[in-house]
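Take a look at the structure below.
Just so it is clear, the structure is predicted and the values come from calculations on it, not from any experiment.
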Protein chains: 2
Amino acid sequence: MQDEVLDVLRERSGPMSAYDVLGQLRQDKLNLAPPTIYRALSSLTNRGKVHRLESLNAFVACQYDDHEHAWIMSICDSCGAVNEIVSPELLNALSGVASESGFLSTRHVIEIYGQCAACRAIEAKA
Amino acid sequence: MQDEVLDVLRERSGPMSAYDVLGQLRQDKLNLAPPTIYRALSSLTNRGKVHRLESLNAFVACQYDDHEHAWIMSICDSCGAVNEIVSPELLNALSGVASESGFLSTRHVIEIYGQCAACRAIEAKA
DNA sequence: AAGCTTTCTGTTATAACATCACGTTAATGG
DNA sequence: CCATTAACGTGATGTTATAACAGAAAGCTT
């Protein structure tokens with residue numbers, strides 16, 4: 001089940017809600033229900049194969065198959081494209097800022113909204 | 001209505017869901033319905049009086065009454081306390097990292113999970 | 001004051017996201 | 001073979017958020 005969910009997410013460039021995934025997989029498997037999808041998504045996110053976009057209640061396949069890492073997501077307001085940014089320095093800086101008030105960080109949620117390079121180019125032409 | 005919602009959020013130190021707020025206010029005003037609360041919360045967040053915690057689907061009163069600013073939230077896994085961190089430098093750094101791939105940032109969602117100073121102190125004693 | 005617009009609120013219903021609780025099946029290993 | 005565990009199926013429910021439309025209050029214009 002995890003593999004099937006991951007395949008669906010990989011076929012799609014953008015984020016999908018759990019119910020989007022459910023809709024796709026129901027084309028083959030009728031009777032598929034939300035808990036099944038959520039279980040698979042939960043395992044996949046734990047394994048780092050899928051990331052959850054907290055501010056969208058949606059999921060995307062990880063762009064980097066091979067590694068353990070923390071991530072920063074950029075989300076284009078125009079086209080919805082999501083991109084994964086890896087920057088340990090920035091995450092360290094963030095932990096540093098938090099630690100100024102004695103806070104010990106364990107997990108970061110960073111989601112940046114704006115306009116991607118492609119959409120900026122289109123808009124510049126128009 | 002905005003004032004009443006804001007008062008409720010200020011009385012509470014931690015985050016509240018829209019329905020938590022609704023529950024509080026229903027003690028006085030029966031018949032209060034979700035859209036009323038969501039409208040008030042929407043105006044308050046637009047005005048910067050309230051911040052939304054995207055990863056919790058919850059809301060907190062802004063800790064800084066007086067100003068326009070972007071914010072970073074720290075959230076304690078142990079006690080649930082939320083703290084607002086202001087760091088324009090870090091936000092600039094974040095925009096900078098995103099711009100390396102041509103992305104133009106307009107809004108940042110930054111939520112850090114971990115353990116606050118108070119909870120760390122308690123744990124250290126034990 | 002009458003009529004108009006604007007803004008906020010009330011109300012019902014429903015959409016969208018997520019989990020609980022329990023039962024069944026299938027593989028694992030003693 | 002049987003106990004255990006892990007994954008999945010199933011139905012119901014819980015939680016978060018919005019759509020669509022109606023009504024009331026406040027301010028403006030004439």
Donor-acceptor under 3.5 Å ([X] side chain, [Y] main chain):
{"X": "B:Arg120", "Y": "A:Gly102", "answer": "yes"}
{"X": "A:Glu84", "Y": "A:Gln63", "answer": "yes"}
{"X": "B:Thr45", "Y": "B:Val50", "answer": "no"}
{"X": "B:Glu54", "Y": "B:Glu111", "answer": "no"}

Could you tell me how far apart B:Leu53 (CG) and D:dT15 (P) are, to the nearest whole angstrom?
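Distance check: B:Leu53 CG to D:dT15 P gives 19 Å.
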Is it possible for you to say whether B:Phe103 and B:Leu94 belong to one hydrophobic cluster, with membership spreading through side-chain heavy-atom contacts below 4.5 Å?
yes
Counterpart residues, side chain to side chain donor-acceptor pair (under 3.5 Å), relative to B:Ser95 (two or more places apart):
B:His108
Angle between ring planes, A:His69 versus A:His51, binned at 30° and 60°: parallel, tilted or perpendicular?
perpendicular
How many angstroms lie between OG in B:Ser55 and CD1 in B:Ile75, if you round to the nearest 0.5 Å?
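Atom-to-atom, B:Ser55:OG and B:Ile75:CD1 are 4.5 Å apart.
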Which is the 5'-most and which the 3'-most nucleotide of DNA chain C that has an atom under 4.0 Å from a heavy atom of chain B?
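Going 5' to 3' along DNA chain C, contacts run C:dT9 to C:dT12.
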Pair listing, side-chain hydrogen bond (donor to acceptor under 3.5 Å, both in side chains) test, anchored in residues 12-21 of chain B, at least two apart:
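Only B:Ser17-B:Asp20 qualify under side-chain hydrogen bond (donor to acceptor under 3.5 Å, both in side chains).
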Without placing hydrogens or testing angles, list every side-chain donor-acceptor pair under 3.5 Å for residues 28-41 of chain A, not counting sequence neighbours.
from, atom 1, to, atom 2, distance (Å)
A:Lys29, NZ, A:Glu4, OE2, 3.3

The correct set of residues in residues 24-43 of chain A placing a heavy atom under 4.0 Å from DNA chain C is A:Pro34, A:Pro35, A:Tyr38
Angle between terminal axes - the helix from C:dA1-D:dT30 to C:dG30-D:dC1, 5 pairs each end, rounded to 10°:
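Rounded value for the end-axis angle: 20°.
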On DNA chain C, nearest-nucleotide positions of A:Leu56 versus B:Gln2: which is more 5'?
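The answer here is B:Gln2.
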